[in-house]
Amino acid sequence: MANRVDLDGRPIKTMTICMIGAGGFIGSHLCEKLMDETLHTVIAVDVYNDKIRHLLEPAETEGCAWSGRIQFHRLNIKHDSRLEGLIKMSDLTINLAAICTPADYNTRPLDTIYSNFIDALPVVKYCSEYAKRVIHFSTCEVYGKTVGSFLPKDHPLRLQPEFYVLNENETPCIFGSIEKQRWSYACAKQLIERLIYAEGAENGLEFTIVRPFNWIGPRMDFIPGIDGPSEGVPRVLACFSNNLLRGEPLKLVDGGESQRTFIYIKDAIEAVMLMIENPERANGQIFNVGNPNNEVTVRQLAEMMTEVYSKVSGGKILDVPTIDVSSEEFYGEGYDDSDKRIPDMTIINKQLGWNPKTSLFDLLESTLTYQHKTYAEAIKRDIAKSTAS
Ligand code: NAD
Ligand code: UDP
């Protein structure tokens, strides 16, 4: 731990990291890694801390490996003057805070735009003013739809990588019309990327932008009715986990034809660690972080999760494991979808020598084992309660 070196063999200086959104899915895994494997200090900022409580409570006990190296500040970055001081006293700021569940993009477009653009402005401003490095979390959704999606279904050009592989420096960003409010998120993220890039170009801000491609794993989102609202709609991993835990068919939006590449959170966190500890290689870069080898349609994901869940829970597979539902019924008006998301890995490979490792089957096996252990009993009690009333 003490002798960590960077990719060029230089010793890594310990730093203080202001992590905004540290209590979320990605933040909780990043905090865990930083506490377990480094001597860096984390100033964890969020409105919630349930997902990092296991790190905060032992830290108060003397003798714990990370005692005194993580402190939690419960604050909302929308309106809290303490943010400036926390950024000023840190060496690096990592901004993860966002509204980032698709069910919100078309139903709460104002909150989505404010959260992803307006609320991030002071973070960028303070980093620029105090000459602090920033790692900002954007999204693969800034690419929007692929160029190939506008060609007829069986057109041969659809098979050419340049019509669907997404490259940070070359691929255009293609969104739907304004009434398709789904794109409010992608558009807000794109504008904050452009602002950060401009701060770099005009004022010398040291930045790295991360574009995650469907990172999944334990602690992602919530299970409706257990640790989140019963009517809430989380991202697909938690939606399908909820269906499997309750023994209900999985809902395929518009036939489940969209394609995604899924990456295990622990592989992705390795990439973020390299960015944190190799500023000279990461500054000024935009990085795709995904696993191009784990591509499936949403229908195939549903089938695979059904099979893996039956294996880890010992339960049987339903006669009708999936049902089709229209996007209008599932998400409401203004929903639209990205058709296909394959990350080009050239830049991250060249700069940081990073590659993802975990197959989709393996990552689903460990994640669904976690979901089953964490939620199966609570779901049983929830179902018993609602049948009794
Ligand atoms: P998450 O919702 O689990 O975490 C976000 C955290 O930010 C939450 O704990 C939330 O409470 C906090 N937060 C939001 N607004 C805040 C505010 N005003 N003040 C203080 N805290 C606030 O989401 P995640 O999956 O961990 O994603 C983190 C980042 O990565 C987001 O910017 C998201 O857009 C981006 N991203 C993630 C994925 C993915 O695959 N998980 C994909 C694309 C982009
Ligand atoms: N989806 C689905 N059923 C669900 C939840 C999501 O078919 O219960 C689909 C959704 O329409 C999208 C894909 O799964 O095509 C991935 O959705 P997610 O919410 O994880 O986020 P996205 O990748 O679109 O950002």
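Ligands are counted one by one from 1 in listed order, and the atoms in each one are counted from 1 as well. Keep in mind that the numbers below use all heavy atoms, side chains included, and drop hydrogens, waters and symmetry copies.
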Please set out all donor-acceptor pairs under 3.5 angstrom arising from side-chain atoms of residues 300-307, sequence neighbours excluded.
from	atom 1	to	atom 2	distance (Å)
Gln300	OE1	Thr297	N	2.8
Gln300	OE1	Thr297	OG1	3.4
Thr306	OG1	Ala302	O	2.6

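- Contacts of ligand 2 (protein heavy-atom distance under 4.0 Å) are Pro102, Glu141, Arg182, Asn214, Arg235, Val236, Cys239, Phe240, Lys251, Leu252, Val253, Ser258, Arg260, Val298, Phe330, Tyr331, Tyr335, Asp337, Arg341.
- A salt bridge links Glu270 with Lys33: at least one charged nitrogen is closer than 4.0 Å to a carboxylate oxygen.
- Side chain to side chain, Tyr164 and Gln259 fail the donor-acceptor criterion of an N or O pair below 3.5 Å.
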Quick one: table the atom pairs, ligand 1 N or O against protein N or O, below 3.5 Å, distance rounded to 0.1 Å.
from	atom 1	to	atom 2	distance (Å)
ligand 1	3 (O)	Phe25	N	2.8
ligand 1	9 (O)	Gly24	N	3.1
ligand 1	9 (O)	Asp46	OD1	3.3
ligand 1	9 (O)	Asp46	OD2	2.7
ligand 1	11 (O)	Asp46	OD1	2.6
ligand 1	18 (N)	Asn76	OD1	2.7
ligand 1	19 (N)	Ile77	N	3.0
ligand 1	25 (O)	Arg235	NH1	3.1
ligand 1	25 (O)	Arg235	NH2	2.9
ligand 1	26 (O)	Phe25	N	3.4
ligand 1	26 (O)	Ile26	N	2.8
ligand 1	32 (O)	Leu96	O	3.1
ligand 1	32 (O)	Lys189	NZ	2.9
ligand 1	34 (O)	Tyr185	OH	2.7
ligand 1	34 (O)	Lys189	NZ	3.0
ligand 1	40 (O)	Trp215	N	2.8
ligand 1	40 (O)	Trp215	O	3.4
ligand 1	41 (N)	Arg235	NH1	3.2

As a quick check of understanding, evaluate side chain to side chain donor-acceptor pair (under 3.5 Å) for Asn288 and Tyr143, giving each step before the final call.
CA-CA 11 Å; Asn288 286 342; Tyr143 294 109; 2.7 Å; yes
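- Evaluation of the salt bridge (Lys or Arg N to Asp or Glu O under 4.0 Å) rule for Glu32 yields Arg219 as partners, not counting sequence neighbours.
- The shortest distance between side-chain heavy atoms of Pro224 and Glu231 does not fall below 4.5 Å.
- Within a 6.0 Å radius of CZ in Arg194, no more than 12 heavy atoms belonging to other residues, nucleotides or ligands are found.
- Side chain to side chain, Thr146 and Asp339 meet the donor-acceptor criterion of an N or O pair below 3.5 Å.
- A 6.0 Å sphere centred on CD1 of Ile178 holds no more than 12 heavy atoms belonging to other residues, nucleotides or ligands.
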